Amino acid sequence: MGHALNNTLQDILIRWKRMQGYAALWVPGTDHAGIATQNVVERQLAKEKVTRHQLGREKFVEKVWVWKEQYGSTIVRQLRRLGASCDWSRERFTMDEGLSRAVQTAFLELHKAGLIYRGYYLVNWCPRCQTALSDEEVVHEEVKGHLWYIRYPFVLSMSKGESEGVVVATTRPETLLGDVAVAVHPEDGRYRSLEGQALLLPILKRTLKIIRDPMIDREFGSGAVKVTPAHDMNDFLLGQKYGLEAIRVILDDGRMGDQAGPYAGLDRFECRKKILLDLESQGLLVKTEDYHTSIGHCYRCKTVIEPTLSPQWFIKMQPLAKLGIEAVEKDGTRFIPDRWTKVYLDWLRNIRDWCISRQIWWGHRIPAWYCKKCYPAYVQERQSKPLSSGTAFNEKEAGIVVAAAGEAAPSQGSHAGIRCPRCGGEALVQDEDVLDTWFSSWLWPFSTLGWPEQTKDLSTFYPTSVLVTGQDIIFFWVARMVMAGKFFLRQLPFRDVYIHGIIRVEGGKKMSKSLGNIIDPLEVIDRIGADALRFSIAHMTSEGQDLYLSENKFLLGRNFANKLWNASRLIIEGSDQRPGEPLPSNPRLMTVPDRWILSRLQGITSEVTEALGAYRFNDTAKRLYQFVWHDFCDWYLEIAKLQRESPEKGIVHNTNWILHALLERTLALLHPIMPFLTEELWHLMGAGSPDATLMKAAWPEPEPAWKDPQAEQVFERLQMAITEVRNIRATFRVPPKEKVKLIVRGSSGLDLLSQHQSIILRLAVVGEMTLGASAQRPEGAIVSHLPAQDGFDAWDLIVPLTGLVDLAVERKRIQKEMEELETRARSKRSRLEDSTFRSKAPAEVVAEEEDSLRELDAELSKWKETLKQLN
RNA sequence: GGGCGCAUAGCUCAGCCGGUUAGAGCGCUACGCUCACAUCGUAGAGGUCAGAGGUUCGAGUCCUCUUGCGCCCACCA
């Protein structure tokens, strides 16, 4: 459903712009979703009791390709069924040849610019996927846990008693095994006496340093922190600052390593339990508190992330973030709605380096080569050194070469002509890792157009106009595309970023595969059609708000599609007139309804165009809905039926011409939202040449000549009169087929009614109409006062219902009407008596209020008169 | 800890720059299978715009606070 929303909005824009005559390009495609895809295929294999390692890298990747072909075609099929008007000949995939070349080029360019480095650093590690993750791939979730207070005894207890030492508080006792120090705040009075002391790590009996750093919060826990540089970010920073050793006790698979001593081999959470038991038995567990803390989870498998020291590839983000910030601050990239600008900027301003290497097989291999001899030695040496020696590797000393995997490479995993920069040896092996999927996605706006080649597509279509996407990938994708565009092409990838809401279900939950609360758009399309789905979606897409879906929201689109179809059928089957035929030369034969509907049409044309230009999709849909259903069908079409029966040939001709013109233009206006139905109807009505398509027809322009405020005003008066009569009929339960008499009393403007007598007779089911300034009100007749407005005097609409009427009902009706009027008049009067209102409010507002009070009073006196007569 | 969004009719939501009587769809009520459409037509009922204070001649709309719900970010053990 999220895809349906996203692609519907994109398709509306692209179809609209195409009709406006632009070369509108929409490149379809998919990314390879590295970790997610690999997981799916691994799960499939698990059913066959095979692991990817048993299969081997090459065979495994082949399997993934097979799966990708299936899944990719599913996505494409969904897009087609939705009606997405992509350029299918340009379909791309992040792992296809061209995009892979772009990825390699990007890596090499960044490396050359000094923005890519390999480093030994604390990363987010998923023990289940067994790969490093970027910060964005970690989902923090509030978890109920505990805060354990553990006593670390002094090494020499000299004069101090057995129970002395320092109590530290921790949420992860198992990391104790990797502790190398205890830290306190330098000005914390409680720990002043620790000078010259050393602490003893429980269980392992290692000697721990005591360090003093202002970073420590005295208020938290006991004010003393255990320091585990290999498994905690803050501790890692302390380690760098104070030159601590990093001891990895938790291995890649989440089990405890040899360094964990007696716990080696245990799962990290098993180890936690056992350590707590052991501490307790040794009297070192001081107390346990309930504690809510937020813990990072893998965004793909929800496993608790283990911060782990690990050699990985990183991108220096500072310089790139600067480009991203400038994009909105200086270069005019625009978020819609605007509030996302702040979210985007905040992220860029606090950005950390991007870990781009992943320990999986499905993805782009990293174009880096390691000397078989020098590299392992270098890494081992680094691991034994204190952390103060820096994060990034020295590539020359480490025996690392970053180079294109040239065509000359004789076989997988080796590289001809490249030597180790340290020892000069030729035994180099390619990095086993692949790149983060987003490292290819962030190139999408230009990689899909042929970059790094200077193609015609690239110069024609880059930069693009608009990106339509969800808020959930502003960091993952949007911000990175902006940076990449600016860095690699010196030009921003798009101007507008339209951020639509997220599809949710009741309770505000995200609709997602893993929650199993999906509404399948294909199933909806099966039932009600793609156009109905698309119209419903557009109708509920208010600027950037999340969308809560339920079944009956689709009813709107379904019913509307049905309405459009039936109205079109009436028009098309009612005459074989073609819209191309000109209007008769005698414009005097244009009726008020004719002029009214054409005026409305030209109004709606500019309104819809404006709404689309402002990304107001719901506004677009609502205006079209209102126009088609109510103006067009309820009123004009009903009147057109009468006009088609006119003895005046010119009127019949005009009516048919207008109906066709209306329909043709309405179909065009609706086409971006409802492409299938409108295309079909457009052909059925014979618009355009037989081989033409509405998809490429011109977008309707407002016809200034059709603008006719006077006709709109007059017609609205007619509508009011008809509605008023219907109202009386309904109130007094006049059977629908029963024709009533209508008497209209008024001093002027009544010719409007006589001219449109047949319309009134039909639409209000009136048998006989009498007009006049002094028309008499028969005994027992119902009266309704139509107030003066828009250049019309007040009228009395009189419907004689002698013998049919319950006078009590009529009295009640009048009293209710009068009460409302009185309330309004009272508030206006008090307002007008307020001198500040008169002096401060704009003159036109005051005048309006005065006019409207006068009218109210006039109406009231009329009703009073009526009531008197009735009594 | 920081930030954002939402609270308007029974339900789901519109309401752009503050200005006559706050709108829609669904649901509901009454009547109607009138020759495009019962996925329909005509008419109607239904709202102290979350609460408090403020700015203003005037507040659903702007400001402050409060309450409730939802979301995002976060290297407080």
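Each chain gets a letter, A, B and so on, in the order the sequences are listed, and its residues count up from 1. Note that the coordinates shown come from a computational prediction; the quantities given were computed from them, not determined experimentally.
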Practice item. For the pair A:E855 and A:R824, find out whether any cationic side-chain nitrogen is under 4.0 Å from an anionic carboxylate oxygen. Key: no
**Study point:** Ion pair check, A:D232 and A:K226, cut-off under 4.0 Å
**Key:** no
Exercise for review: Just label B:C28 as syn or anti from its O4'-C1'-N9-C4 or O4'-C1'-N1-C2 angle, using within 90° of 0 for syn.
Suggested key: anti
Ignoring hydrogens and angles, write down the donor-acceptor pairs under 3.5 Å from the side chains of residues 208-225 of chain A, residues two or more places apart or on other chains.
residue	atom	partner	partner atom	Å
A:R212	NH2	A:Y191	O	3.2
A:D213	OD1	A:M215	N	2.7
A:D213	OD2	A:K241	NZ	2.7
A:D213	OD2	A:Y242	OH	2.4
A:D217	OD1	A:E219	N	2.9
A:R218	NH1	A:E187	O	3.4
A:S222	OG	A:V167	O	2.3
A:S222	OG	A:A224	N	3.3

Check your understanding: Distance check: side-chain N/O of A:S839 vs OP1/OP2 of B:C57, anything under 4.0 Å?
Key -> no
Practice item. Verify the contact: side-chain N or O of A:N727 to OP1 or OP2 of B:G44, cut-off strictly under 4.0 Å; return yes or no. Key: yes
Check your understanding: Within the structure shown, what part of the strands sits under 4.0 Å from A:R831 by heavy-atom distance: base, sugar-phosphate, or nothing?
Key -> base
Check your understanding: With side chains defined as the heavy atoms from C-beta onward, is the minimum distance between A:I728 and A:S784 less than 4.5 Å?
Key -> yes
Exercise for review: Please tell me which of the listed nucleotides, B:G19, B:U20, B:C37, lies nearest to the side chain of A:K828?
Suggested key: B:U20
Check your understanding: If you look at every strand shown and take non-hydrogen atoms under 4.0 Å, does A:S852 touch a base, only sugar-phosphate, or nothing?
Key -> base
Exercise for review: Choose from B:G32, B:C72, B:U20 the nucleotide whose nearest atom is closest to any side-chain atom of A:F475.
Suggested key: B:C72
Check your understanding: Should stems be defined as at least three consecutive Watson-Crick or G-U pairs with both distances under 3.5 angstrom, which of them involve RNA chain B?
Key -> B:1-7 with B:67-73, B:10-13 with B:23-26, B:28-32 with B:40-44, B:50-54 with B:62-66
Point to revise | Selected nucleotide, minimal atom distance to A:N618 side chain, candidates B:A14, B:C26, B:C71 | key: B:A14
Point to revise | A:S568 (side chain) and B:A36 (base): donor-acceptor pair under 3.5 Å | key: no
Review point. What orientation do A:W863 and A:H785 show, parallel under 30°, tilted 30 to 60°, or perpendicular over 60°?
Key: perpendicular
Exercise for review: Using only side-chain N and O atoms of A:R352, determine if any of them is under 4.0 Å from OP1 or OP2 of B:C75.
Suggested key: yes
Point to revise | B:A36 OP1/OP2 closer than 4.0 Å to side-chain N/O of A:K641 | key: yes
Check your understanding: With A:W148, which of A:T288, A:L176, A:V286 fulfils side chain to side chain contact (heavy atoms under 4.5 Å, CB included)?
Key -> A:T288
Check your understanding: Any salt bridge between A:E645 and A:R762, counting N to O under 4.0 Å?
Key -> yes
Check your understanding: Can a side chain N or O of A:T731 be found less than 4.0 Å away from OP1 or OP2 on B:A43?
Key -> no
Review point. With respect to the side chain of A:P736, which nucleotide from B:G32, B:G3, B:G25 is positioned closest?
Key: B:G32
Check your understanding: Does a side-chain heavy-atom distance below 4.5 Å link A:L663 with A:L659?
Key -> no
Study note, to complete from the structure: Of the candidates B:U21, B:C37, B:G19, the side chain of A:R824 sits closest to B:U21
Review point. What nucleic acid atoms does A:N234 come within less than 4.0 Å of, heavy atoms only: base, sugar-phosphate, or nothing?
Key: base
Practice item. For A:P735, report the nucleic acid contact type (base, sugar-phosphate, nothing); a contact means any heavy atom under 4.0 Å. Key: nothing
Review point. Which nucleotide in the list B:U39, B:A77, B:A43 gets nearest to the side chain of A:R726?
Key: B:A43
Review point. Which part of the nucleic acid does A:D235 contact within heavy-atom distance under 4.0 Å: base, sugar-phosphate only, or nothing?
Key: nothing
Practice item. Name the nucleic acid region contacted by A:K553, choosing base, sugar-phosphate or nothing; use a 4.0 angstrom heavy-atom cut-off, strictly under. Key: sugar-phosphate
Study note, to complete from the structure: Of B:C37, B:C73, B:A77, the nucleotide closest to the side chain of A:T170 is B:A77
Check your understanding: Which nucleotide in the set B:A45, B:C76, B:G25 lies at the smallest distance from any side-chain heavy atom of A:Y625?
Key -> B:G25
Review point. For A:E848 and A:E610, take the nucleotide of RNA chain B holding the closest heavy atom to each; which residue's nucleotide lies nearer the 5' end?
Key: A:E610
